[in-house]
> 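Quick one: this structure, given as structure tokens, is what I'll be asking you about.
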Amino acid sequence: MGKPKVVLGVSGGIAAYKACELLRRLTESGHEVRVVPTAASLNFVGEATWAALSGNPAGTQVWETVHEVPHVRIGQGADLVVVAPATADMLAKAAHGLADDLLTNTLLTARCPVVFAPAMHTEMWEHPATQENVATLRRRGAVVIEPAVGRLTGKDTGKGRLPDPEEIYEVCRRVLARGAAGPDLAGRHVVISAGGTREPLDPVRFLGNRSSGKQGYALARTAAARGARVTLVAANTALPDPAGVDVVRVGTALQLREAVLGAAGDADAVVMAAAVADFRPAVYADGKIKKKDGQEPAPVNLVRNPDILAEISAERAREGQIVVGFAAETDDVLANGRTKLARKGCDLLVVNEVGETKTFGSEENEAVILASDGTETPVAHGPKEALADAIWDRVAARLARRTA
Ligand code: CTP
């Protein structure tokens, strides 16, 4: 098999310079890359740079080497098209099927997965015109990764930055790895909770748990690569934001509940991978609790936290919403899992055995996915992304049945 063929489309934004790094990453990892810049983008990075770094011509127009019919051939021959940066203008053209240069023609002839990495000012990104274009592209199966939040051109900061080239590369790698399976969650919105909540006792102490958030982040990364719009509600994690994902940071169970319910309104699926504290201290001390000579410490009274998974399962924000829970068990793993699935009322429950040396903080996991229809799918020990993909396979199948 030859090298996978990637078309790197570059449209006219200042972030075009970051596409040089993406190109280098793609070529170094064994991809044959053809860069197709727009004429406007050459104001930022010149044709010579693209040609030299890719080893291929990098024309912008359909009128060069016409005998090779490049406006059709490049798209037809590609295994992946990635447009980075994708400007508001490029998203609009792609959504409406305009074809006035080589890149837009290529987008119309490509039948492989297409990834857009938008970059623009926050106002342009949030404008209803852009948002509708993005929704159109996603509905048609394109992977549009959410821009990052941070410093923009000039003095502004906000949402609209091109994610790091390495992260865009990771999305491309995952999309390519799926091959013919394609982005089966395109056009879907999924909400994932990750990490572990902390319930404060005083300004310096909390009740917490050992969850690292790695499984939830793996779910977010894999869902983005399958084309979903992803909201990741992250509780106390120390992990970098996955590319193309909206991250909402929370601390306590009550904050996590508010963030999940807030995002779940239009979600096709909600996956509760976070370890949520069942109890919180009944009283929060405004100042640090001090030890007193000759006195035993005062007992800590706890009150119940709401069961978020049970709540979203009972009151689905939208008809046909798929709700997935996790069960961390130390004993009688499957029997407890089955009881928990019934009690929580979710569609799928991912049951895994936990212990001080198992699962928490590890890169790997093994689990059984229990479904409300009685099916049980064991997922062998392996990377957390493999378990994440097995979960999304089941979610995607259920969503497909819902719309069929
Ligand atoms: N969960 C939740 N809200 C809570 C507690 C847990 O939404 N207050 C969710 C978790 O995100 C997870 C699932 O419920 O998806 C199972 O959590 P687990 O701690 O295993 O179950 P518990 O309800 O705590 O049951 P038990 O105490 O019997 O183990």
Side-chain angles (χ1 to χ4, degrees), residues 190-200 206-220 223 230-237 248-264 267 269-282 302-317 321-356 358-361 365-372 379 384 387-388 390-392 394-395:
V190 301
V191 177
I192 300 153
S193 70
T197 64
R198 288 180 182 176
E199 310 301 317
F206 57 81
L207 295 179
N209 60 64
R210 291 173 181 275
S211 178
S212 66
K214 286 181 182 166
Q215 185 61 61
Y217 276 59
L219 280 156
V230 180
T231 307
L232 177 65
V233 179
N236 309 298
T237 55
V248 184
R249 299 206 171 268
V250 296
T252 65
L254 293 180
Q255 290 166 356
L256 187 134
R257 174 180 176 274
E258 200 181 318
V260 169
L261 294 186
V270 181
V271 182
M272 286 292 297
V276 183
D278 288 321
F279 313 102
R280 66 178 182 277
L302 301 175
V303 290
R304 284 283 287 267
N305 271 329
D307 188 327
I308 307 161
L309 177 61
E311 189 176 340
I312 49 180
S313 299
E315 294 162 34
R316 311 265 168 152
Q321 186 175 69
I322 312 291
V323 180
V324 184
F326 273 71
E329 303 291 344
T330 51
D331 310 288
D332 296 332
V333 178
L334 274 184
N336 279 335
R338 289 184 197 111
T339 317
K340 199 169 278 182
L341 175 68
R343 179 160 52 82
K344 302 261 188 180
C346 49
D347 301 286
L348 301 171
L349 191 78
V350 185
V351 187
N352 54 19
E353 194 176 339
V354 291
E356 284 199 25
K358 274 195 181 134
T359 299
F360 291 120
N365 211 347
E366 85 181 85
V368 180
I369 305 173
L370 306 180
S372 55
V379 182
K384 287 186 171 174
L387 174 59
I391 295 166
W392 292 127
R394 265 137 212 95
V395 170

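Whatever order the structure lists them in is the order used to number ligands and atoms, beginning at 1. Keep in mind that what you see is a predicted model, and the values were worked out from it rather than measured.
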> Taking distance alone, with no angle check, do Val276 and ligand 1 share an N/O pair under 3.5 Å?
no
> Pick whichever of Ala253, Ala310, Pro306 has a heavy atom sitting closest to atom 8 (N) of ligand 1.
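Minimum heavy-atom distance to atom 8 (N) of ligand 1 goes to Pro306.
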> What about Ala327: any of its N or O atoms under 3.5 Å from an N or O on ligand 1?
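No, Ala327 has no N/O under 3.5 Å of an N/O on ligand 1.
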> Would one find an N or O of Ala275, backbone or side chain, under 3.5 Å from an N or O of ligand 1?
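There is no such contact.
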> If the cut-off is 4.0 Å to any non-hydrogen atom of Asp278, which atoms of ligand 1 fall inside it?
4 (C), 5 (C), 8 (N), 24 (O), 27 (O)
> Looking at ligand 1, does any of its N/O atoms fall within less than 3.5 Å of an N/O of Lys340?
yes
> Met272 heavy atoms, cut-off 4.0 Å: which ligand 1 atoms fall inside?
7 (O), 11 (O), 12 (C), 15 (O)
> Please find the pair of heavy atoms, one from Gln321 and one from Asp347, that lie closest to each other, and give the distance.
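For Gln321 and Asp347, the tightest heavy-atom pair comes out as O-OD2, 3.7 Å.
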> Is there a nitrogen or oxygen of Asn305 sitting under 3.5 Å from a nitrogen or oxygen of ligand 1?
no
> I want to know if ligand 1 touches Lys344 in the polar sense, i.e. an N/O pair below 3.5 angstrom.
yes
> Using a 3.5 Å cut-off on N or O atoms only, is Ala274 in polar contact with ligand 1?
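By distance alone, the answer is yes.
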> As an exercise, identify every atom of ligand 1 less than 4.0 angstrom from a heavy atom of Leu309.
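That gives atoms 2 (C), 7 (O), 9 (C), 13 (C), 14 (O), 15 (O) of ligand 1.
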> Surrounding CD of Gln255 (heavy atoms of other residues, nucleotides or ligands, distance under 6.0 Å), is the total greater than 12?
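Yes - once you tally the heavy atoms of other residues, nucleotides and ligands closer than 6.0 Å, there are more than 12.
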